[in-house]
Structure formats: structure tokens, C-alpha cells
Visitor: 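The structure that follows is given in the form of C-alpha cells.
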Amino acid sequence: MLSPSIIDPVARNIVILTTTLTALMVLEYIWSFIDEVRLVWPRFLKTTEAKTYVVTRYAGLAGQSLNIWFALRMVSRVPNSPSTCRAWYWYQTLTTQCLLLSVELLLMLRVYKMYGKGKSIFALLIVFGGAQLAASAASARSVITGTSYSPTCVIISPHHNRIYVGASIIVTFMVILSTMLWKFFGSSSGLSEAPRAWLKLAVRDGSCTTIAIMVIFIFMFICSTRVINTQMSGNIIFYVLFSLLWFAAGRIVLHDAKFRKIQESQKGDINDSRLTQTIEVEPFDDSDACPTSPSSFGVESTEVSTPFDSMLDVGTRDIADEHLCGEDDMQLSRCAPTFILIERCISGRGSGFKK
């Protein structure tokens with residue numbers, strides 16, 4: 001059993017850490033609230049991403065309030081029963097896993113759309129996501145029951161099985177990032193500007209999230225193997241990982257929503273300035289095609305719609321829901337714009353067409 005002279009500074013540091021993280025979370029919430037109302041709430045009933053954002057956003061803020069409350073109990077030396085400490089760390093395990101699943105789901109949805117919603121990539125993501133969940137579930141009981149606590153629920157000696165849980169999480173995120181990078185470097189050169197920009201955004205979000213999670217769990221590995229011997233290691237991982245996953249889930253959804261909004265505005269600007277073709281038809285001698293007549297010939301303006309117009313829809317709904325044009329996905333003729341020249345002849349007695 002550690003003396004109060006060691007436990008009390010640990011509890012005090014937990015309070016400082018949770019308070020700082022809570023302040024950052026509140027600032028992030030205030031900063032992004034307008035974007036949330038403008039971009040996320042209108043799509044709440046339409047997309048999985050919006051639902052995940054709202055649930056993690058507000059459940060995370062409520063959970064962080066509970067974290068501060070319990071940290072204050074620790075620093076105040078309020079004694080707890082062993083069952084209370086176990087319940088507290090069950091709560092930590094479940095909330096962390098829920099946030100992990102939320103972030104994994106958001107990134108997996110991007111990968112799924114990158115590969116055209118194919119069955120093979122769906123199966124791959126399910127296998128690794130399910131394996132990570134199974135590893136966490138199998139180790140959860142031993143991690144919680146095998147951990148030593150002080151009467152105030154400060155962790156004295158964490159269980160070594162945490163290493164296996166962390167390893168499964170790192171592997172899952174590495175698989176997600178690898179599939180993103182494979183698609184980005186393998187297909188982005190054949191894509192138009194909007195899909196390529198969306199791929200860059202997805203890879204950036206996936207890379208930042210994976211690197212941050214790897215840093216946290218590598219630190220946990222080093223502390224668990226006693227390379228770094230500090231009492232803070234077993235107590236701060238949950239609070240840092242909780243806040244990191246909360247930030248990651250929010251940013252992934254907001255970045256995608258902002259990108260979609262930019263594409264919609266650009267599409268509107270292009271449509272406003274789109275040219276129409278006015279074709280003047282002169283009288284000609286081919287009476288079979290257009291009979292001659294004293295009647296005057298009219299001129300009709302024809303607005304020609306081409307496949308290029310449909311390409312402008314990229315990013316309007318969800319950029320990745322559209323099939324990404326590339327050498328591996330479709331023929332060049334479906335990606336290149338096709339212009340059709342139409343001459344229409346109008347007379348008093350009949351009309352003819354010449355293409």
C-alpha cells in the first residue's frame with residue numbers, strides 16, 4: 001500500500017488534468033457550435049455520421065463532468081468501498097470502448113466509401129473491428145479485477161493485460177490507415193479535383209487520429225514494462241484517451257461536413273455562370289431535312305446538359321457516395337465531358353433536325 005504522501009499528489013494531478021481537458025472540451029464545443037447547428041443537425045436523421053457526432057458530443061460532455069466529480073472525491077480523500085472502485089473502472093472501460101467504436105465507425109465508413117462500398121472491404125473492416133472488440137471484452141474483467149486501488153480509487157498497480165488491449169486497438173487503427181493510404185496513393189492520380197481533395201481530407205484525419213492513439217498506448221506499454229516507473233501512468237491514460245477520442249469524433253464529422261458545404265457552394269457558383277449555347281439556323285437547300293417555305297425561320301436557344309454537369313454534383317450529398325472516377329473504376333468516356341451540338345430548324349410547315 002502506498003503512503004498518502006504519494007497518493008495525494010497523484011489525485012491532485014488527476015484533478016488538474018481533468019480540469020484542463022474539460023476546459024479544452026468546452027472551448028471546442030463553443031467554437032464549433034455554430035458549425036454543428038448549421039451542418040450536422042439538419043442531417044441528424046439522414047446520416048450515421050451525424051447521429052454518431054451528436055451522441056458522442058453530448059454523452060462525452062456528460063461523462064467528462066462525471067470524471068471531474070470523481071477526481072474531486074479522490075483529492076478530498078473520500079474513502080470508497082472496493083465495489084465502488086470496481087464500478088468506477090468498469091465505467092471507464094465501457095465509455096472508452098464506446099468512444100473507440102465511434103471513432104472506428106466514422107473512419108471505417110470513409111474507407112468503405114473509398115472502395116465503392118465493396119463486399120471485400122466491408123468484410124475486412126468487420127473482421128478487424130470485431131477482433132478488437134472481442135479482445136477488449138475478453139480482457140476487461142481481468143484488467144479491472146486484477147488492478148490494485150487505494151481507498152480513494154487511485155490506481156496503485158495496473159494489470160498487465162492492458163498491453164494486449166492496447167495492441168489490438170493499435171492494429172485496428174493501423175489497418176484503417178493502411179487501407180486509406182493504399183487507396184490514396186493508388187488511385188488519387190486518376191481522380192478529378194473534388195474526389196482527390198476528399199481523399200486527402202480522409203487520410204489526414206485518419207493519420208492524425210491513429211498517430212495520437214499510438215502515442216498514448218506506446219506510453220502505456222513503456223510504463224507497464226517499467227521502463228518508465230510513474231504512478232501517474234495507470235491513472236491518466238483513461239482521461240487523456242477519453243478527451244482525445246471525443247475531439248477526434250467531432251472533428252472527423254465536422255471536417256467532412258465543411259468539405260461537403262464547400263463543394264455545394266462551388267457547384268452553385270458554377271451553375272450560376274454556366275454558358276448556354278445559342279445556335280442560329282440559316283436556310284439551306286436540303287428540302288428533305290427542312291422544307292423551304294416563305295415562312296420565316298426562328299432561332300431557338302438550347303441549353304445543353306452534359307455529363308460534366310453531373311460531375312459537379314460531387315460533394316453535394318456525400319462526395320464518397322458518388323462513384324469515384326478513375327482508371328480502375330469506370331471508362332474514361334464516363335468521366336470526360338461530352339458536348340453535343342444540336343441545330344434545330346423551325347418553320348411554319350414543319351421542322352427537321354440535323355445532328
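Sequential numbering from 1 along the given sequence is applied to the chain's residues.
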Visitor: Verify, without hydrogens or angle tests, whether Ser142 (side chain) and Ser139 (backbone) share a donor-acceptor contact under 3.5 angstrom.
Guide: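 Here the side-chain-to-backbone pair exists.
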
Visitor: Are Leu199 and Leu191 side-chain neighbours, meaning at least one heavy-atom pair lies under 4.5 Å?
Guide: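 SC-SC contact between Leu199 and Leu191 confirmed.
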
Visitor: Would you say Leu61 and Leu94 are hydrophobically clustered, going by side-chain heavy atoms of ILVMFWY under 4.5 Å?
Guide: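 No, it is not one cluster - the side chains of Leu61 and Leu94 are not joined through contacts under 4.5 Å.
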
Visitor: Would you confirm whether Asn13, through its side chain, and Pro9, through its main-chain N or O, come within 3.5 Å as a donor-acceptor pair?
Guide: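 A pair under 3.5 Å: yes.
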
Visitor: I need the Leu109 CG to Glu104 CD distance, nearest 0.5 Å.
Guide: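 It comes to 12.0 Å.
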
Visitor: Please lay out, stage by stage, how Tyr29 and Met25 fare under the test side chain to side chain contact (heavy atoms under 4.5 Å, CB included).
Guide: CA-CA 6 Å; Tyr29 175 76; Met25 290 171 67; over 6 Å; no

Visitor: Which atoms form the tightest heavy-atom contact between Ala194 and Gln263, and what is the distance?
Guide: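 Heavy-atom minimum between the residues: CB-OE1, 3.4 Å.
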
Visitor: Membership question, hydrophobic clusters at under 4.5 Å side-chain separation (ILVMFWY): are Tyr58 and Leu24 in the same one?
Guide: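 In one cluster: yes.
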
Visitor: Taking all atoms of both residues into account, what is the closest heavy-atom pair of Phe259 and Ala197, and its distance?
Guide: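 Minimum heavy-atom contact is CE1-CB, 3.7 Å.
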
Visitor: Run the ring-centre check on Phe173 versus Phe128 and record whether the distance is less than 6.0 Å.
Guide: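 No: the rings miss the under 6.0 Å criterion.
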
Visitor: Under a 4.5 Å cut-off applied to non-hydrogen side-chain atoms, are Glu49 and Tyr53 in contact?
Guide: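 No, side chains not in contact.
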
Visitor: Taking Tyr112 as the starting point, is it possible to reach Leu101 by hopping between hydrophobic residues whose side chains are less than 4.5 Å apart?
Guide: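 No, Leu101 does not connect to Tyr112 through the hydrophobic network.
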
Visitor: So how far is it from Arg38 CZ to Phe33 CZ, rounded to the nearest 0.5 Å?
Guide: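 Answer for the CZ-CZ pair, Arg38 versus Phe33, is 13.0 Å.
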
Visitor: Output the distance between atom CD1 (Ile144) and atom CZ (Arg162), rounded to the nearest 0.5 Å.
Guide: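 CZ of Arg162 is found 12.0 Å from CD1 of Ile144.
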
Visitor: Evaluate the criterion side chain to side chain contact (heavy atoms under 4.5 Å, CB included) for residue pair Val40 and Asp35; output intermediate values, then yes/no.
Guide: CA-CA 7 Å; Val40 178; Asp35 290 332; over 6 Å; no

Visitor: Give a yes or no on whether the backbone of Ile262 and the side-chain of Ser265 come within a donor-acceptor separation of less than 3.5 Å.
Guide: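 Indeed, once roles are kept as given, a pair shorter than 3.5 Å links the two residues.
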
Visitor: Could you check whether atom CH2 of Trp182 has more than 12 heavy atoms from other residues, nucleotides or ligands sitting under 6.0 Å from it?
Guide: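 No, because the 6.0 Å sphere around CH2 of Trp182 holds 12 heavy atoms or fewer from other groups.
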
Visitor: Start with the C-alpha distance between Leu177 and Ser207, add both sets of side-chain angles, then the distance that settles side chain to side chain contact (heavy atoms under 4.5 Å, CB included), and finish with yes or no.
Guide: CA-CA 6 Å; Leu177 180 59; Ser207 300; 3.3 Å; yes

Visitor: Is the shortest distance from a Lys or Arg side-chain nitrogen in Asp205 or Arg251 to a carboxylate oxygen in the other one below 4.0 Å?
Guide: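 No, Asp205 and Arg251 are not salt-bridged.
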
Visitor: Validate the cation-pi geometry between Lys183 and Tyr115: distance from NZ or CZ to the six-membered ring centre under 6.0 Å, angle to the ring axis within 45°.
Guide: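 Pair Lys183/Tyr115 counts as cation-pi.
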
Visitor: Would you check if Lys200 and Pro195 make a side-chain contact, meaning some heavy-atom pair closer than 4.5 Å?
Guide: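 No - every pair of side-chain heavy atoms lies 4.5 Å or more apart.
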
Visitor: List in chain and number order the residues that pass side chain to side chain donor-acceptor pair (under 3.5 Å) with Arg196, two or more places apart in sequence or in another chain; answer none if no residue qualifies.
Guide: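 Per chain and number, Arg196 pairs via side chain to side chain donor-acceptor pair (under 3.5 Å) with no residue.
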
Visitor: Dump the intermediate steps for side chain to side chain contact (heavy atoms under 4.5 Å, CB included) on Trp90 and Thr95, then the final yes or no.
Guide: CA-CA 9 Å; Trp90 269 114; Thr95 53; over 6 Å; no

Visitor: Assess the side chains of Ser136 and Gln132: does a donor N or O sit below 3.5 Å from an acceptor N or O?
Guide: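 Distance-only check passes for Ser136 and Gln132.
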
Visitor: Rounded to the nearest 0.5 Å, how far does CG of Leu99 lie from CZ of Phe247?
Guide: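 If we round to the nearest 0.5 Å, Phe247:CZ and Leu99:CG are 12.5 Å apart.
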
Visitor: Under 6.0 Å between the ring centres of Tyr89 and Tyr149?
Guide: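 That pair passes the under 6.0 Å test.
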
Visitor: As an exercise, state the distance from CD1 of Ile14 to CG of Asn235, rounded to the nearest 0.5 Å.
Guide: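 So the gap between those two atoms works out to 4.0 Å.
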
Visitor: Could you tell me whether the side chain of Glu28 reaches within less than 4.5 Å of the side chain of Trp246, counting heavy atoms only?
Guide: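 Yes, close enough: below the 4.5 Å cut-off.
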
Visitor: Any pair with a residue in residues 164-177 that passes side chain to side chain donor-acceptor pair (under 3.5 Å), sequence neighbours left out, goes on the list, sorted by first then second residue, please.
Guide: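 As it turns out, there is no side chain to side chain donor-acceptor pair (under 3.5 Å) pair with a partner in residues 164-177 once direct neighbours are skipped.
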
Visitor: Decide yes or no for Arg110 and Leu106: does some side-chain heavy atom of the first lie under 4.5 Å from some side-chain heavy atom of the second?
Guide: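 Arg110 does not reach Leu106 side chain to side chain.
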
Visitor: Hydrogens and angles aside, do Arg73 and Thr84 bring a side-chain donor and acceptor to less than 3.5 Å of each other?
Guide: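 Checked: Arg73/Thr84 side chains show no N/O donor-acceptor pair below 3.5 Å.
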
Visitor: Could you tell me if the side chain of Phe70 sits less than 4.5 Å from the side chain of Val15, heavy atoms only?
Guide: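 They are not in contact (no side-chain heavy atoms under 4.5 Å apart), so the answer is no.
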
Visitor: Tell me if a side-chain donor or acceptor on Asn80 pairs with a main-chain N or O of Cys85 at a distance below 3.5 Å.
Guide: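 Flag not set: sc Asn80 to bb Cys85 has no pair under 3.5 Å.
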
Visitor: Would Phe219 end up clustered with Met214 when hydrophobic side chains under 4.5 Å apart are linked, directly or stepwise?
Guide: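 Yes: a chain of side-chain contacts under 4.5 Å links Phe219 to Met214.
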
Visitor: If you take all heavy atoms of Met114 and Ala202, which pair is closest and at what distance?
Guide: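 Minimum heavy-atom separation between Met114 and Ala202: CE-CB, 3.2 Å.
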
Visitor: Please say yes or no: joined through hydrophobic side-chain contacts below 4.5 Å, possibly via intermediate residues, are Val165 and Val171 part of one cluster?
Guide: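 Val165 and Val171: one cluster.
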
Visitor: Tell me, yes or no, whether the heavy-atom count around Phe122 atom CZ, taken from other residues, nucleotides or ligands under 6.0 Å, exceeds 12.
Guide: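 Not more than 12 within 6.0 Å, no.
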
Visitor: What's the shortest heavy-atom distance between Ala50 and Arg43, and which atoms?
Guide: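 Looks like CB-O, 3.3 Å.
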
Visitor: Which of these, Thr96, Leu241, Leu100, sits in a side-chain contact (heavy atoms from CB on, under 4.5 Å) with Ile169?
Guide: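 Exactly one option meets the side-chain contact (heavy atoms from CB on, under 4.5 Å) with Ile169, and it is Leu100.
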
Visitor: How long is the straight-line distance from OG1 of Thr152 back to CZ of Arg77, given to the nearest 0.5 Å?
Guide: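 So the gap between those two atoms works out to 9.0 Å.
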
Visitor: Please report the shortest heavy-atom distance between Ile156 and Ser150, naming the atom on each side.
Guide: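 Smallest interatomic distance, heavy atoms only, reads CD1-N, 3.6 Å.
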
Visitor: Should we say atom CG of Leu27 is surrounded by more than 12 heavy atoms from elsewhere, each under 6.0 Å from it?
Guide: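 Yes, enclosed.
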
Visitor: Using side-chain heavy atoms (C-beta onward) and a distance below 4.5 Å, is Ile213 in contact with Leu245?
Guide: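 A side-chain contact under 4.5 Å exists here.
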
Visitor: Does a side-chain heavy-atom distance below 4.5 Å link Trp69 with Gln64?
Guide: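 Result no, sub-4.5 Å side-chain heavy-atom pair not found.
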
Visitor: Where do Ile176 and Leu107 come nearest, in terms of heavy atoms and distance?
Guide: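 Minimum heavy-atom contact is CG2-CB, 3.7 Å.
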
